[in-house]
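Step one of this worksheet: look at the structure below.
Remember, it's 1-based here, ligands and their atoms both numbered in the order they're listed.
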Amino acid sequence: MSLESELDRARELDVGVLADAIKSIGFECTRCGACCKAAETGGGEDEEHTATVFPDEIRELRNGGEYDHRDVARPMPYGLTNGPDGPEGETFEWALQTDGCNDCTFYAEDDDGTGACTVHGDRPLICRTYPFSVAVEGSSQPTGEAVDQEGEVRAHECEGLGRDIDREDAEELAAALKRRAVRELEEAIGVRENYASADLGPGEVAIHDSEGAKRPDGERIDR
Ligand code: SF4
């Protein structure tokens with residue numbers, strides 16, 4: 001299957017049908033924060049939070065320049081290698097920036113441990129649609145095996161699954177899920193079309209997104 005034909009499939013997804021599937025699986029966010037925090041590995045050191053964020057979402061989160069690019073996003077570590085001075089090499093996605101605890105930089109917890117997203121209204125599509133994905137090749141799947149599937153909708157491990165959801169909320173989630181699948185495929189096609197080796201030197205990192213090759217500070221690499 002080509003990315004283009006998968007993009008056609010994503011564009012044809014019926015939001016009403018996706019909403020039916022979400023309603024039948026059931027979901028309500030318990031604000032446990034599991035999808036915003038470092039993953040516990042059991043080995044002492046937690047695995048840093050990695051959630052894909054698109055270039056236009058990074059601009060949104062920078063809020064008109066209030067935040068620097070690096071405050072919001074970092075190179076997705078997959079594909080990078082550990083050089084003598086830190087990570088180096090090429091990667092093909094941006095990840096939400098993490099804090100000193102390896103949680104998402106936008107995650108905050110009340111004293112009683114209730115989690116909250118400090119950019120809730122502007123949170124990226126991957127966050128809006130957690131813990132769901134669609135069964136379209138080339139669209140990303142949250143970490144963790146799918147634990148349920150209804151039609152084209154897959155549900156990934158999350159304690160909020162199985163809870164009642166309003167039809168209106170299910171439709172909103174379904175619309176975001178479709179938007180995400182379309183956006184992911186458009187991004188993948190853009191990355192493929194714009195890719196040119198960044199000809200990196202030692203210790204350098206390039207992030208190839210749909211707008212071209214960039215440095216970790218978001219500036220374009222023009223070579
Ligand atoms: S942006 Fe918000 S919802 Fe998304 S991972 Fe960060 S804290 Fe969680």
For this session: Can you see which heavy atom on Ala181 is nearest to which on Val134, and at what distance?
Result: CB-CG2, 3.5 Å

For this session: Using a strict 4.0 Å cut-off to heavy atoms of Cys36, name the atoms of ligand 1 that fall inside it.
Result: 3 (S), 5 (S), 7 (S), 8 (Fe)

Exercise. Which ligand 1 atoms, with their elements, are less than 4.0 angstrom from a heavy-atom of His49?
Worked result: 5 (S)

Problem set entry | Donor-acceptor contact present, side-chain Glu88 to main-chain Gly83, <3.5 Å | no

For this session: State whether Phe54 and Arg183 meet the cation-pi test: NZ (Lys) or CZ (Arg) under 6.0 Å from the six-membered ring centroid, and within 45° of the perpendicular axis.
Result: yes

For this session: Could you label the plane-to-plane angle of the Phe92 and His208 rings as parallel, tilted or perpendicular, counting under 30° as parallel and over 60° as perpendicular?
Result: parallel

Seminar exercise, completed: Taking only non-hydrogen atoms of Tyr107 and a 4.0 Å limit, the atoms of ligand 1 in range are 7 (S)

For this session: With heavy atoms of Cys127 as the reference, note each atom of ligand 1 found under 4.0 Å away.
Result: 1 (S), 3 (S), 4 (Fe), 5 (S)

Exercise. N/O/S atom of Cys117 under 2.8 Å from atom 2 (Fe) of ligand 1, yes or no?
Worked result: yes

For this session: Within a distance under 4.0 Å of any heavy atom of Phe106, pick out the atoms of ligand 1 and give their elements.
Result: 7 (S)

Exercise. Given side chains that start at C-beta, do those of Leu173 and Phe27 come closer than 4.5 Å, heavy atoms only?
Worked result: yes

Exercise. Can Leu96 be reached from Val119 by stepping across I, L, V, M, F, W or Y side chains whose heavy atoms are under 4.5 Å apart?
Worked result: yes

For this session: Below 4.0 angstrom from a heavy atom of Cys104, which ligand 1 atoms are there? Numbered from 1 as shown, please.
Result: 1 (S), 5 (S), 6 (Fe), 7 (S)

